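For reference, the structure is listed below as structure tokens.
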Amino acid sequence: MLKLKMFINGEWMDSLRGDKSHVVNPAIGKIMAEAPQGSREEAQMAINAARTAFDSGIWSDLPASERATYLFKIADKIEEKAAELSKLETENTGKPLKESEFDIADTVNCFRYYAGLVTKPNGQTYSVADPVQAMVIREPVGVCGLIAPWNFPLLTGAWKIAPALAAGNTLVFKPAEITPVTTYKLFEIMEEVGIPAGVANLVLGGGSTVGNEIAESQKVDLISFTGSTATGRSIMNSATGNIKNISLELGGKSPNIVFADADFETAIDYTLNGIFTNAGQVCNAGSRLLLEESIHDKFIARLVERAKKIQVGPGDDSSTEMGPLVSEGHLKKILEYIQIGLDEGATLACGGNRITSNGLENGYFFEPTIFVDTRPDMRIVQEEIFGPVLVVQKFKDEAEAIQLANDTSYGLAAGVFSQDGAKALRVIKKVRAGITYVNAYNLAYNEAPWGGYKQSGIGRGLGTFGLDTFTEVKQININLDVKPTEWFSN
Ligand code: NAD
């Protein structure tokens, strides 16, 4: 069994109190690794190490090109170990191997993207009144507290670690309790390539202890969090003590709008992709299907036919198209939402049950599920379920589609399917969401900004915006005529 450790100030360590937790493979319900459970004390040690490393300039004073060299080496090592990392990601999260392989490849690209980006021009000069030359430079923010969720463990980690390091920051990273394995491996790689001690620290442990300490600490300058909106709200409150920079990538209940003039099979295909990839445990999942009334019945019939064919099974089986849910606790939450939907009066067009047949009885497998006959006020329409559960809403015209699309507290993603390009763009422009798609769904690129409107978050990860998140902007005004101003009488 894999035994994980924390990595603090360049040293591997167990928890000071000897606390441990078991990491479970959700496909078989068996322990795959043992992880130390840190407390506030280990979090403070890591924060102190990151603070000392930052203040020493050991990392931030390096030329960007040297920091980039480290990032390129990290990318190369991840690539070398891609098969091992993909296998571990699948064992820990349950996702099909091909999804893990995609995530690991994207992680490699993320490190390479920020290694390249940080050496590109990033300042500005301003033409102001003589005799002053004004300019802007970007500097690292300082110590970054990075907190990640369990659905894309390594990838969401890379989305934070790569730009934070590229920009010259030091960091304390906390993965989700249940999925620490590939992050632990990433820290082994960072040690291997020689990232200086204290620059990148890994603390394993709970949200209310380790996570909260990072969010509250006066020595942390920035918090970058990806996770649920409820936790994001709590982190925002905790971060007020020293007015931290804050970046929040939170939950969603994203509308996928299909008009009658859409290419039918393309819309069907992306709708399935939008909700059943990673068993629906995707922040930008198209979890609300908004269907134009005239095609509702035909579309649902075909969608149900396709959903029933999805091969659910263990991620390491090459025929598997959808793996288990990530944990027993999460399975319980999804089952509760099914009951809520039924109690509210919605109808199950398919799915709704745990799967225990054909050797799947020990894992947390769930049927691809579609709810119809919904009302906008239902909890299953308003709340993020975060599983393979699609909720269908009907609309009559463009105006109603837009109104329903915007009728939740979230604003992460949205899709529109129509062969009328002008209509599709009109609708996209009216939808309050940060990540949008036309005739597609579920795409994500290292090059493009990622984040949401409304209660789906603050700020943007990825792309040039993602690097900006990890920098402070400094204005420099240089007097070119060095003599007293005589503003006050002499
Ligand atoms: P979560 O909010 O339960 O946990 C996320 C992380 O926060 C974990 O590491 C957890 O230990 C930590 N945490 C919990 N309480 C904390 C506290 N009080 N202080 C500090 N840290 C704390 O989320 P999750 O269940 O791991 O992930 C699923 C959620 O993440 C979904 O809502 C999903 O939409 C969201 N998500 C968003 C994005 C995005 O880019 N917008 C990406 C992936 C996941």
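In this text the structure is predicted, and so the values were computed from the model without any measurement. FYI, side chains are in, hydrogens and waters are out, and symmetry mates aren't considered; it's all heavy atoms of this structure. Whatever order the structure lists ligands and atoms in, that order sets their numbers, starting from 1. Residue numbers count from 1 along this sequence.
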Review point. Is there a donor-acceptor pair closer than 3.5 Å between any side-chain N or O of Q393 and the backbone N or O of L290?
Key: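 Side chain of Q393 to backbone of L290: no pair is present.
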Point to revise | All side chain to side chain contact (heavy atoms under 4.5 Å, CB included) counterparts of E328, not counting sequence neighbours | key: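 Testing E328 for side chain to side chain contact (heavy atoms under 4.5 Å, CB included), a comparison that skips the adjacent residues, returns Y364.
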Check your understanding: Salt bridge between R306 and D269, side-chain N to carboxylate O under 4.0 Å?
Key ->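 Salt bridge: yes.
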Practice item. Scan E84, K87, E89 and name whichever one has a side-chain hydrogen bond (donor to acceptor under 3.5 Å, both in side chains) with T182. Key: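 For T182, the side-chain hydrogen bond (donor to acceptor under 3.5 Å, both in side chains) check succeeds only for E89.
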Can you give each donor-acceptor pair under 3.5 Å made by side-chain atoms of residues 150-160, sequence neighbours left out, with the distance rounded to 0.1 Å?
residue	atom	partner	partner atom	Å
N151	ND2	Q281	O	3.1
T156	OG1	F152	O	2.7
K160	NZ	S224	OG	2.9
K160	NZ	T226	OG1	2.7

Exercise for review: Heavy-atom cut-off of under 4.0 Å around ligand 1: list whichever protein residues fall inside it, by chain and number.
Suggested key: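 Residue list for ligand 1: I147, A148, P149, W150, N151, K174, P175, A176, E177, G207, G211, N212, F225, T226, G227, S228, T231, S234, I235, E249, L250, G251, C283, E384, F386, L412, W450.
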**Study point:** side-chain hydrogen bond (donor to acceptor under 3.5 Å, both in side chains) partners of K244, counting only residues at least two apart
**Key:**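 Checked K244 against side-chain hydrogen bond (donor to acceptor under 3.5 Å, both in side chains); matches are N242.
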